[in-house]
Number of protein chains: 2
Amino acid sequence: MRVTRQRKAILQVLRRAHAHLTADEVYAAVRAEVPRISLGTVYRNLEILATMGLIQKITTGLGPMRFDGNPERHVHLRCERCGTLEDLPMKKPFNPQEYVDPSLGHVVRGVVVEFHGLCRRCAAESGV
Amino acid sequence: MRVTRQRKAILQVLRRAHAHLTADEVYAAVRAEVPRISLGTVYRNLEILATMGLIQKITTGLGPMRFDGNPERHVHLRCERCGTLEDLPMKKPFNPQEYVDPSLGHVVRGVVVEFHGLCRRCAAESGV
DNA sequence: TTGAGTGCAAAACATTTGCACTGAT
DNA sequence: ATCAGTGCAAATGTTTTGCACTCAA
């Protein structure tokens, strides 16, 4: 894999970002550094970086995909009030085998867990 | 809410389906019964039925949304080999509080859990 | 030097919407 | 009779792709 200016800039944007960005947000941010980059290149690189495990691709079922510069395993909280997607530390790792009976013939290799509720700010503002 | 021919047919297709269908698959199936139904009507009704809790809308991050005629809470297994989405019985219920620390200010109201791996048929065929 | 990567523009795909008409109540 | 629901077609928004060109190795 070649290290291009575009690829470096995309990775940098994601690593520096506080929130988890959409492809379009990445595009906008990277343009500050590489003005002539195209949206197609952004998509291509996000796909490649995710496949290589350098970033994470998060599909949430609400709006477009988002990308997370943190490749470590962690879970997300989707705020029902403001729509943001933020990291959530887990008390203990999630073990699929606790929940699924392996004798039924299928094979469980992994699991995607996404919490939803209220983020810190919205919980405070709505006085919950 | 009115009980139209279209709405009844859509619900019936989803309740009879073994797998969890995309809007397009529902459209194709319903056309056998209501040939002049439009895709827009299918989408509108799927949205309404899901909001009313009669069906479930499942966004999986791979391909288009899928719809589940079973409104009860249960989890799904996405087969990495053939792409189907099927129901998975759980040994015990999933309790978010076991995993997430409630003292951090946010509020967890629910969780979406999706397993991935191999469905029965693919597990058997690939000899795992 | 050379082919992986790029920019551009068009295409593909899923979903939503405006509008005049229809049919369930 | 009324208006929620429908069919149609166009619009929207996201993501992918073909192709000629560029530049990292």
Side-chain angles (χ1 to χ4, degrees), chain A residues 1-14 17 19-68 78 83-85 114, chain B residues 1-14 17 19-68 78 83-85 114:
Chain A
M1 186 178 85
R2 292 189 186 170
V3 179
T4 63
R5 218 152 58 87
Q6 292 84 343
R7 199 159 285 170
K8 265 197 292 192
I10 289 169
L11 193 51
Q12 210 165 58
V13 161
L14 280 178
H20 301 327
L21 308 178
T22 62
D24 225 64
E25 287 164 349
V26 172
Y27 176 54
V30 169
R31 281 214 300 170
E33 177 122 355
V34 190
R36 296 186 60 79
I37 196 171
S38 73
L39 187 54
T41 294
V42 171
Y43 272 104
R44 272 185 293 236
N45 278 305
L46 289 172
E47 190 61 43
I48 290 167
L49 292 170
T51 303
M52 298 189 58
L54 293 172
I55 65 172
Q56 282 189 267
K57 204 170 162 179
I58 315 165
T59 319
T60 60
L62 189 65
M65 284 178 186
R66 292 179 174 271
F67 298 87
D68 184 347
R78 147 85 54 197
T84 57
L85 190 68
E114 184 187 306
Chain B
M1 186 178 84
R2 291 188 187 171
V3 179
T4 62
R5 218 150 58 85
Q6 293 83 343
R7 198 159 284 171
K8 264 197 292 191
I10 289 169
L11 192 52
Q12 210 166 58
V13 161
L14 281 177
H20 301 328
L21 309 178
T22 62
D24 226 63
E25 288 164 348
V26 173
Y27 176 55
V30 170
R31 280 214 299 172
E33 177 123 356
V34 190
R36 296 185 61 78
I37 195 172
S38 74
L39 188 53
T41 294
V42 172
Y43 272 104
R44 272 185 292 236
N45 278 304
L46 289 172
E47 190 61 43
I48 290 168
L49 292 171
T51 302
M52 298 188 60
L54 293 173
I55 64 172
Q56 280 189 270
K57 204 171 162 179
I58 315 164
T59 320
T60 60
L62 187 65
M65 284 178 185
R66 290 179 176 271
F67 299 86
D68 185 346
R78 148 84 54 195
T84 57
L85 189 69
E114 184 187 306

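Numbered from 1 within each chain, the chains take letters A, B, ... in sequence-line order.
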Checklist entry - Please walk me through it: do B:Leu54 and B:Leu14 pass side-chain contact (heavy atoms from CB on, under 4.5 Å)? => result CA-CA 10 Å; B:Leu54 293 173; B:Leu14 281 177; over 6 Å; no
Item to check | Rounded distance (Å) that lies between atom C1' of C:dT17 and atom CG of B:Asn45 | outcome: 15 Å
Checklist entry - Between D:dA9 atom P and B:Ile37 atom CD1, what is the distance in whole Å? => result 16 Å
Checklist entry - Is the side chain of B:Arg78 donor-acceptor paired with the backbone N or O of B:Glu114 at a distance under 3.5 Å, no angle test? => result no
Next on the checklist: If I take atom CD1 in residue B:Ile58 and atom P in nucleotide C:dT15, what distance separates them, rounded to the nearest angstrom?
Outcome noted: 13 Å
Next on the checklist: If I take atom CE in residue B:Met65 and atom P in nucleotide D:dT14, what distance separates them, rounded to the nearest angstrom?
Outcome noted: 13 Å
Checklist entry - The side chain of B:Thr4 lies closest to which of these nucleotides: D:dG5, C:dC8, C:dG5? => result D:dG5
Checklist entry - Between D:dT15 and A:Tyr43, is there an OP1 or OP2 to side-chain N/O distance shorter than 4.0 Å? => result yes
Checklist entry - Does B:Gln6 put a side-chain nitrogen or oxygen below 4.0 Å from OP1 or OP2 of C:dG23? => result no
Checklist outcome for this item: To the nearest angstrom, the OH-P distance between B:Tyr27 and C:dT15 comes to 15 Å
Next on the checklist: I need the CD1-P distance between A:Ile48 and D:dT16, as an integer number of Å.
Outcome noted: 12 Å
Checklist entry - Which distance, rounded to the nearest 0.5 Å, do you find between the CD1 of B:Ile10 and the CD1 of B:Ile37? => result 4.0 Å
Next on the checklist: Let's see if you can work this out: which of C:dG7, D:dG7, C:dT15 has an atom nearest to the side-chain heavy atoms of B:Pro64?
Outcome noted: C:dT15
Checklist entry - Using 4.0 Å as the upper bound for N to carboxylate O, is an ion pair formed by B:Glu33 and B:Arg5? => result no
Checklist entry - Would you say the side chain of A:Glu25 lies within less than 4.5 Å of the side chain of A:Arg66, judging by non-hydrogen atoms? => result yes
Checklist outcome for this item: Closest to the side chain of A:Thr41, out of C:dT6, C:dT15, D:dG7, is C:dT6
Next on the checklist: Below the 4.0 Å mark, does C:dG5 have OP1 or OP2 next to a side-chain nitrogen or oxygen of A:Arg7?
Outcome noted: yes
Checklist entry - Across the strands shown, which category fits B:Leu39 at heavy-atom distances under 4.0 angstrom: base, sugar-phosphate, nothing? => result base
Item to check | Separation of atom CG in A:Leu49 from atom C1' in C:dT6, rounded to whole Å | outcome: 15 Å
Checklist entry - Can you find a donor-acceptor N/O pair under 3.5 angstrom joining the side chain of A:Arg44 to the base of C:dG7? => result yes
Checklist entry - Between C:dA24 atom P and B:Arg5 atom CZ, what is the distance in whole Å? => result 8 Å
Checklist entry - Think A:Arg36 has a side-chain N or O under 4.0 angstrom from the OP1 or OP2 of C:dC8? => result yes
Item to check | Most 5' of A:Arg2 and A:Thr22 on DNA chain D, judged by nearest nucleotide | outcome: A:Thr22
